[in-house]
Structures are given as C-alpha cells and as structure tokens.
Amino acid sequence: QVQLVESGGGLVQAGGSLRLSCAVSGRTFSSYAMAWFRQAPGKERGFVAAISRSASNPYYADSVRGRFAISGDNTKNTVYLQMNNLKPEDTAVYYCAARDMRYSNSDPNQYAYWGQGTQVTVSS
C-alpha cells in the first residue's frame with residue numbers, strides 16, 4: 001500500500017509563497033491519481049488541485065487557479081503544491097491524497113489514501 005507524508009506548511013504573510021511536499025512510499029506516485037485538499041476549521045474538506053496518473057492533466061479549484069501549481073518529481077517520488085500570492089482565506093490544513101485510478105477527481109470520498117496533513121497559516 002502507499003503511504004503519504006506531507007511537509008512544508010507554516011506561517012506566511014499574505015502575498016507570500018510556500019511549497020508543500022507529499023512524499024510517497026510503497027509505490028511510485030505516477031501509478032496513482034494524486035490530489036491536494038484542504039480543510040479550514042469548521043469547514044468541510046475541499047478540493048485544491050489534482051493530477052492524473054503519470055502526473056498528467058493538472059487541474060485546479062477556481063479559488064486557486066493561477067496562484068497554485070501541482071507537480072511531481074519521479075526521481076524523488078514526491079508531489080508538490082507550489083502556492084503563490086497566498087491569501088488569509090488559504091489558511092487550512094492541507095492534505096495529500098491518492099487514488100488507484102487513472103484519472104483524478106475533486107471528490108475527497110474518491111481517494112483511499114491520505115497523509116496526516118500540514119498546517120498553512122496566512123496572516124493579513
């Protein structure tokens with residue numbers, strides 16, 4: 001089975017940048033569709049970005065399109081989420097997820113594997 005470990009969260013001022021990492025073990029990440037979700041206090045877990053198998057077909061939630069970028073590094077078996085021009089409303093715990101399907105999906109219920117999450121806090 002696959003294990004996912006996120007890192008890279010922290011506290012940043014509005015307008016700043018962070019890069020989240022999702023280290024994948026057990027299998028190569030390109031075997032899975034991968035996604036990032038986030039959950040703010042009192043809110044449901046929401047879709048952020050995803051790539052399909054072989055790190056293809058990236059797509060994004062409207063709220064982050066143009067500011068965030070999802071990518072993968074086969075040599076490190078790691079998926080990244082580059083976050084630029086961060087806003088206070090981006091504050092949340094960010095989760096990496098994987099599903100053993102060719103194409104990704106924006107529904108968190110479609111993902112079987114999850115990391116523990118990493119906190120991102122954006123101050124105004």
Side-chain angles (χ1 to χ4, degrees):
Q1 299 299 321
V2 65
Q3 292 83 43
L4 310 175
V5 178
E6 302 98 332
S7 61
L11 174 64
V12 64
Q13 288 187 332
S17 298
L18 283 173
R19 189 178 76 161
L20 305 183
S21 299
C22 174
V24 181
S25 60
R27 284 177 63 181
T28 177
F29 82 86
S30 59
S31 299
Y32 295 88
M34 303 292 299
W36 289 94
F37 292 85
R38 65 186 181 186
Q39 187 166 20
K43 295 187 176 181
E44 294 185 352
R45 193 167 296 189
F47 172 72
V48 176
I51 48 176
S52 295
R53 190 175 288 173
S54 301
S56 61
N57 303 316
Y59 76 104
Y60 303 91
D62 290 343
S63 59
V64 306
R65 187 175 293 111
R67 299 188 297 123
F68 291 11
I70 185 171
S71 63
D73 185 336
N74 287 313
T75 64
K76 297 181 178 179
N77 209 26
T78 298
V79 177
Y80 300 101
L81 184 68
Q82 177 67 45
M83 306 186 296
N84 300 324
N85 190 21
L86 282 160
K87 304 176 180 181
E89 52 264 41
D90 294 319
T91 295
V93 178
Y94 283 70
Y95 297 90
C96 178
R99 76 184 208 133
D100 196 4
M101 299 289 285
R102 179 177 181 181
Y103 293 109
S104 57
N105 192 292
S106 61
D107 180 358
N109 295 313
Q110 300 299 318
Y111 290 80
Y113 307 104
W114 291 86
Q116 82 289 351
T118 185
Q119 176 71 47
V120 172
T121 303
V122 184
S123 63
S124 58

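Since we're looking at a predicted model, the values are computed, not measured. For reference, positions follow the sequence shown, starting with 1.
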So E89 and V122, do their side chains get closer than 4.5 Å, heavy atoms only?
no

Could you measure the distance from the SG atom of C96 to the CE atom of M34? Nearest 0.5 Å is fine.
3.5 Å

I70 side chain near V79 side chain, heavy-atom distance below 4.5 Å:
yes

In terms of heavy-atom contacts, R67 and S63 come closest through NH2-O, 2.9 Å

T118 and V93: side chain to side chain contact (heavy atoms under 4.5 Å, CB included), yes or no, with the steps?
CA-CA 5 Å; T118 185; V93 178; 6.0 Å; no

Rounded distance (nearest 0.5 Å) linking atom OH of Y95 with atom SG of C22
13.0 Å

To the closest 0.5 Å, what do you measure between OH (Y32) and CZ (R53)?
9.0 Å

Heavy-atom closest pair (P108 atom, W114 atom, distance to 0.1 Å) is O-CZ2, 3.4 Å

Can you give me the closest heavy-atom contact between F29 and G72, atom names plus distance?
CZ-CA, 3.5 Å

Once you round to the nearest 0.5 Å, how far does OG of S104 lie from CD of Q110?
11.0 Å

Please report the interatomic distance CG(D107) to CG(N105), rounded to the nearest 0.5 Å.
5.5 Å

Walk me through whether Q1 and Y113 qualify under side-chain hydrogen bond (donor to acceptor under 3.5 Å, both in side chains).
CA-CA 9 Å; Q1 299 299 321; Y113 307 104; 2.4 Å; yes

Below 3.5 Å, can you tabulate the donor-acceptor pairs from side chains in residues 7-17 to any protein atom, sequence neighbours excluded?
unit_1 : atom_1 : unit_2 : atom_2 : d
S17    : OG     : N84    : OD1    : 3.0

Can you name the closest pair of heavy atoms from T91 and Q119 and give their distance?
CG2-NE2, 4.1 Å

Check the hydrophobic clustering (I, L, V, M, F, W, Y; side-chain heavy atoms under 4.5 Å; chains of links allowed) and say if L4 and L81 are grouped together.
yes

So, N77 side chain and V24 main chain: donor-acceptor pair closer than 3.5 Å or not?
yes

Just by distance, do the side chain of Q82 and the backbone of F68 share a donor-acceptor pair under 3.5 Å?
no

Contact check, side chains of D90 and M83, non-hydrogen atoms, under 4.5 Å:
no

Residues S30, T28; criterion side-chain hydrogen bond (donor to acceptor under 3.5 Å, both in side chains); working and verdict
CA-CA 5 Å; S30 59; T28 177; 3.2 Å; yes

Could you check whether R65 makes a cation-pi contact with Y60, meaning its NZ or CZ is under 6.0 Å from the centre of the six-membered ring and within 45° of the ring axis?
no

Does the separation of the ring centres of F47 and Y59 fall below 6.0 angstrom?
yes

Residue that, paired with Y94, satisfies side-chain hydrogen bond (donor to acceptor under 3.5 Å, both in side chains) out of Q39, E6, R38
R38

What is the distance from atom CG of L20 to atom OG1 of T78, rounded to the nearest 0.5 Å?
12.5 Å

Taking all atoms of both residues into account, what is the closest heavy-atom pair of A50 and Y111, and its distance?
CB-OH, 4.3 Å

